[in-house]
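Encoded as structure tokens, the structure appears first; notes follow it.
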Amino acid sequence: MGLSLDFVEIDLWWLLTYRARNKFYRKSDFIQNQLFYYTTKKWHQIAADKMQLLKANDVEIVVIDESDKTKYYKKILKEISKRYQLPSNK
């Protein structure tokens, strides 16, 4: 949480691309995890190019429809908790 993944963060983009290539082109069995990128509805629409690149690199985009930052982060934590069946915090 908290990463914007701007295109200037070339080391992170390289790592995502490297992971995707190994997973799909080399059929590596050791990469079995799934990556998620949580974003607001507003930024999902504004950063369409970034979303396309993330999808192309096997990153699942999760859009949270919330403009209040505190509520947004709480919704992300709730989503993660549901996905991994962690005990929920109120």
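Nothing here was measured: the structure is a model prediction, and the numbers come from that model. These values consider heavy atoms only, across backbone and side chains, with no hydrogens, waters or symmetry-generated copies.
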**Study point:** Verify same cluster id: L5, L15 (apolar side-chain graph, 4.5 Å)
**Key:** no
Exercise for review: Please examine the side chains of D11 and E9, heavy atoms only from C-beta on, and report whether any two atoms are closer than 4.5 Å.
Suggested key: yes
Practice item. List for me each residue that meets side chain to side chain contact (heavy atoms under 4.5 Å, CB included) alongside D68, sequence neighbours excluded, and say none if there are none. Key: E66, T70, K71
Check your understanding: Which hydrophobic side chains are connected to I10, either touching it within the sub-4.5 Å cutoff or through other members that do?
Key -> none
Point to revise | hydrophobic_cluster_shared for Y18 and Y37, side chain cutoff 4.5 Å | key: no
Could you go through residues 42-64 and list every donor-acceptor pair under 3.5 Å that involves a side-chain atom there, pairing it with any protein atom two or more places apart or in another chain?
| residue | atom | partner | partner atom | Å |
| --- | --- | --- | --- | --- |
| K50 | NZ | S4 | O | 2.5 |
| N57 | ND2 | L53 | O | 3.0 |
| D58 | OD2 | K23 | NZ | 2.8 |

Review point. Can you check whether L77's main-chain N or O pairs, donor with acceptor, with S81's side chain at less than 3.5 Å?
Key: no
**Study point:** Candidate pair K78 and K74, rule side chain to side chain contact (heavy atoms under 4.5 Å, CB included), full reasoning
**Key:** CA-CA 6 Å; K78 194 173 187 177; K74 285 183 178 182; over 6 Å; no
Practice item. Could you tell me which residues satisfy ring-ring contact (aromatic ring centres under 6.0 Å, His included) with F36, sequence neighbours excluded, listed by chain and number? Key: none
Review point. If every non-hydrogen atom of Y72 is compared with every non-hydrogen atom of Y38, which pair is closest and at what distance?
Key: OH-O, 3.1 Å
